[in-house]
J.: 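Here it is, the structure, as structure tokens.
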Amino acid sequence: MKSRPSIALLIESSNSYARGLLRGIMSYIHEHHSWSIYLPEHGRGNVPVSWLNNWHGDGIIARIENTKIAEAVVNSGVPAVDVSAARLAPSLPWVETDDHAIASLAAQHLIDRGFQHFAFCGDHRFNWSRWRESHFQECIQTARLHCHIYPQTTGRKQSPPWEAEQKRLADWIRALPKPVGVMACYDIKAQQLLDVCRTINVSVPEEVAIIGVDNDEILCNLSEPPLSSVIPNTRLTGYEAAALLDRMIAGEAVSSEAQLIKPLGIATRQSTDIQAIDDKLISDAVRLIRQQACDGINVQDVLKSIPLSRRVLESRFQKIIGRSPHEEIMRIRLDRVKQLLEETELSLIEIAERTGFRHAEYLNVAFKKQAGTTPGQFRRGQNHRKFPN
């Protein structure tokens, strides 16, 4: 009997992103092969790699975060896939998050809330932070708006003492024009910003709305207020990395070009739950729509709560939001439909009930008009992306 391939996973399990990668790898193993897994316990970037010199395994999936790990993995001579943005082993196949798509989602999320001022807070030690900063700034500038960038300490390889960093963040936040929508490079940085805002009595989200990346549910929900976050598709990232490694073990030549995995969407929580609109009545209308769109409300229901005529509401809403109230209701409903199609096995009838559509047939027509495909075709396409054959 052929022995099971022996695979080393040089991936820490100390954060939600890395655990998502491991879940994706696990899904691939359960569906395709029974690999013998070696998962050494370690923190990010501090893998003891001397054992690789005498290791006789069949493959490696690694977050290559420093040159020692890169050299050890490449010199091992076994098939390997890199799942780190550091890109320290360019000869290896590489699977990573699509940082352009992540930044675009965050930018549009804040733009949709009516902000005119924007900022990005990153950490230049990491490629993914620099890429997200560049893409976020580009998205804001494309919308003919300005983005403020948190100034970095040059040549920094380690985090500065928290007391010093806290003061720099506080000075930066105080100087930003308000209200402002801020993207943090990841949830930990976003949580630090929330902490600083609370310390200097800057209200979130009224003065500063903050969105992070990774959707670390424990961290996001322990934050005060709870943190909105972009949801990377870490499971698909890990799954694709395992699929690539499997092909390499089978002797297939695999390109070293990046495979970038798009995010799943945004988990909206209180840290961005605001509409930065000077027109209070339109702001109230938008908030009402976003809270109750999936409960089946229509424009007439909005008018019962907003003391405007339909003509005035339509005109002012279109001018400020760029869509009619009805279009906004449908946009929110259909975004929720897509999320349920991606993340659940609910029937179309059940999804229609949960998203304010009276009939599944009406949902089907509205969905095809917006997305150019039927809900069923959309779901099959998403499932193929998550778990390809």
Side-chain angles (χ1 to χ4, degrees), residues 11-24 26 43-44 97 101-103 105-110 112-113 115 119-123 126 128-129 132 136 159 162 165-166 169 173 179-238 262-276 287 290-295 332 335-336 338-340 342-344 346 354-355:
I11 301 172
E12 74 281 11
S13 57
S14 57
N15 61 72
S16 65
Y17 182 88
R19 289 192 296 271
L21 297 177
L22 293 172
R23 281 192 290 270
M26 178 181 66
R44 182 172 185 167
T97 55
I102 285 174
L105 267 183
Q108 194 59 52
H109 179 77
L110 296 171
D112 283 347
R113 276 147 181 77
F115 286 98
F120 184 93
C121 186
D123 188 330
F126 305 112
W128 46 264
S129 177
R132 290 169 191 176
F136 183 80
S159 297
W162 170 238
E165 182 71 356
Q166 186 179 43
L169 286 170
I173 291 171
V180 60
V182 181
M183 179 184 180
C185 58
Y186 68 148
D187 289 341
I188 292 175
K189 181 62 70 174
Q191 194 275 333
Q192 291 175 350
L193 287 173
L194 290 173
D195 218 25
V196 169
C197 286
R198 187 168 57 252
T199 300
I200 63 176
N201 294 318
V202 170
S203 60
V204 177
E206 289 78 12
E207 294 180 88
V208 178
I210 300 172
I211 184 169
V213 181
D214 285 344
N215 195 37
D216 184 327
E217 292 195 2
I218 293 176
L219 180 61
C220 289
N221 286 300
L222 282 176
S223 298
E224 181 57 40
L227 175 67
S228 295
S229 186
V230 180
I231 311 168
N233 197 341
T234 52
R235 187 171 181 175
L236 179 58
T237 305
K262 293 187 181 300
L264 290 170
I266 290 177
T268 303
R269 300 184 180 89
Q270 191 178 338
S271 71
T272 59
D273 184 18
I274 193 170
Q275 190 67 29
R287 182 183 292 271
R290 289 183 174 161
Q291 288 175 344
Q292 300 184 27
C294 292
D295 295 334
I332 292 169
D335 282 351
R336 178 61 174 159
K338 290 177 183 177
Q339 183 182 16
L340 292 174
E342 289 177 354
E343 299 178 4
T344 77
L346 293 172
R354 295 188 182 202
T355 53

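FYI, side chains are in, hydrogens and waters are out, and symmetry mates aren't considered; it's all heavy atoms of this structure.
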J.: Output all residues satisfying salt bridge (charged side-chain N to carboxylate O under 4.0 Å, His left out) with D295, sequence neighbours left out; order by chain, then residue number.
T.: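 Partners of D295 by the salt bridge (charged side-chain N to carboxylate O under 4.0 Å, His left out) criterion come out as none, since no residue qualifies.
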
J.: After noting the C-alpha distance and the side-chain angles of S229 and D216, does the key distance pass the side chain to side chain contact (heavy atoms under 4.5 Å, CB included) rule?
T.: CA-CA 8 Å; S229 186; D216 184 327; over 6 Å; no

J.: Would the distance check show the side chain of T355 and the main-chain N or O of C294 forming a donor-acceptor pair, the cut-off being under 3.5 Å?
T.: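 Here the side-chain-to-backbone pair does not exist.
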
J.: What's the shortest heavy-atom distance between Y186 and D214, and which atoms?
T.: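 Heavy atoms only, the tightest pair is CB-OD2, 3.9 Å.
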
J.: Is there side-chain contact between I211 and S228, with at least one heavy-atom pair below 4.5 Å?
T.: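 I211 vs S228: side chains touch.
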
J.: Return the set of residues passing side chain to side chain donor-acceptor pair (under 3.5 Å) with T268 (not counting sequence neighbours), or none when no residue passes.
T.: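 Not a single residue meets the side chain to side chain donor-acceptor pair (under 3.5 Å) criterion with T268.
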
J.: Quick one, V182 and F136 - any side-chain contact, counting heavy atoms below 4.5 Å?
T.: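 No, side chains not in contact.
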
J.: With sequence neighbours left out, write down each residue that passes side chain to side chain contact (heavy atoms under 4.5 Å, CB included) with I332, or none if nothing qualifies.
T.: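 I332 satisfies side chain to side chain contact (heavy atoms under 4.5 Å, CB included) with I289, R290, A293, E328 once adjacent residues are dropped.
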
J.: Taking only residues two or more places apart in sequence or in another chain, which ones pass side chain to side chain contact (heavy atoms under 4.5 Å, CB included) with R287?
T.: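 Here the qualifying residues are D273, I274, Q291.
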
J.: Could you tell me whether a side-chain N or O of T237 sits under 3.5 Å from a main-chain N or O of L21, the two making a donor and an acceptor?
T.: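 No: the side chain of T237 does not pair with the backbone of L21.
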
J.: Counting N and O atoms only, with roles assigned by atom type, does the side chain of R235 sit under 3.5 Å from a partner on the main chain of G20, one being a donor and the other an acceptor?
T.: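 Here the side-chain-to-backbone pair does not exist.
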
J.: Check side chain to side chain donor-acceptor pair (under 3.5 Å) between E217 and all other residues, then give those that pass, not counting sequence neighbours.
T.: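 Scan of E217 (side chain to side chain donor-acceptor pair (under 3.5 Å), adjacent residues dropped) gives none.
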
J.: Considering the options K189, H109, R132, which one meets the side chain to side chain contact (heavy atoms under 4.5 Å, CB included) requirement together with M183?
T.: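 When side chain to side chain contact (heavy atoms under 4.5 Å, CB included) is applied between M183 and each of K189, H109, R132, only R132 qualifies.
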
J.: List in chain and number order the residues that pass side chain to side chain contact (heavy atoms under 4.5 Å, CB included) with A18, two or more places apart in sequence or in another chain; answer none if no residue qualifies.
T.: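 A18 satisfies side chain to side chain contact (heavy atoms under 4.5 Å, CB included) with I11, E12, N15, R63 only.
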
J.: For residues 194-205, which residue pairs qualify under salt bridge (charged side-chain N to carboxylate O under 4.0 Å, His left out), counting only residues two or more places apart or in two chains?
T.: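 Sorted pair list: D195-R198.
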
J.: If the condition is side chain to side chain contact (heavy atoms under 4.5 Å, CB included), which residues does S129 pass it with, not counting sequence neighbours?
T.: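 S129 satisfies side chain to side chain contact (heavy atoms under 4.5 Å, CB included) with F120, D123, F126, C185 only.
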
J.: Just by modelled atom types, is the I210 backbone N or O under 3.5 Å from a matching donor or acceptor in the S271 side chain?
T.: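 Flag set: sc S271 to bb I210 pair under 3.5 Å.
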
J.: Set out, in order, the CA-CA distance, both residues' side-chain angles and the distance that settles side chain to side chain contact (heavy atoms under 4.5 Å, CB included) for Y17 and T97, then state yes or no.
T.: CA-CA 10 Å; Y17 182 88; T97 55; 3.2 Å; yes

J.: What is the distance from atom OG of S16 to atom CD1 of I218, rounded to the nearest 0.5 Å?
T.: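 If we round to the nearest 0.5 Å, S16:OG and I218:CD1 are 8.5 Å apart.
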
J.: Test side chain to side chain contact (heavy atoms under 4.5 Å, CB included) on L340 and R336; report intermediate values, then the result.
T.: CA-CA 6 Å; L340 292 174; R336 178 61 174 159; 3.6 Å; yes

J.: Rounded at 0.5 Å granularity, tell me how far OG1 in T272 sits from CG in D112.
T.: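 CG of D112 is found 11.0 Å from OG1 of T272.
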
J.: Could you pull out the closest heavy-atom pair between R269 and L227, with the gap in Å?
T.: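 Scanning both residues completely, I find the closest heavy atoms to be NH1-O, 2.8 Å.
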
J.: How close do L264 and E342 get, counting heavy atoms only, and between which atoms?
T.: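 So the minimum-distance heavy-atom pair works out to O-OE1, 3.7 Å.
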
J.: Looking only at non-hydrogen atoms, find the nearest pair between P232 and N215 and report the distance.
T.: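 Where P232 meets N215 most closely, the heavy atoms are CD-N, 4.5 Å.
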
J.: Could you pull out all residues at least two apart from R23 that satisfy side chain to side chain donor-acceptor pair (under 3.5 Å)?
T.: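 R23 satisfies side chain to side chain donor-acceptor pair (under 3.5 Å) with no residue once adjacent residues are dropped.
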
J.: For N233 and P263, indicate whether the former's side chain and the latter's backbone hold a donor-acceptor pair under 3.5 Å.
T.: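 No; zero donor-acceptor contacts below 3.5 Å.
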
J.: Applying side chain to side chain donor-acceptor pair (under 3.5 Å), name anything that partners E207, two or more places apart in sequence or on another chain.
T.: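 S203.
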
J.: Out of curiosity, D187 CG to L222 CG, how far, rounded to the nearest 0.5 Å?
T.: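 Answer for the CG-CG pair, D187 versus L222, is 12.0 Å.
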
J.: Locate the shortest heavy-atom distance separating Q270 from P225; write the atom from each residue and the value.
T.: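 In terms of heavy atoms, the two residues are closest at CD-CB, 3.6 Å.
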
J.: Report the distance from atom CZ of R113 to atom CG of L110, rounding to the nearest 0.5 Å.
T.: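 Here the rounded value is 7.5 Å.
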
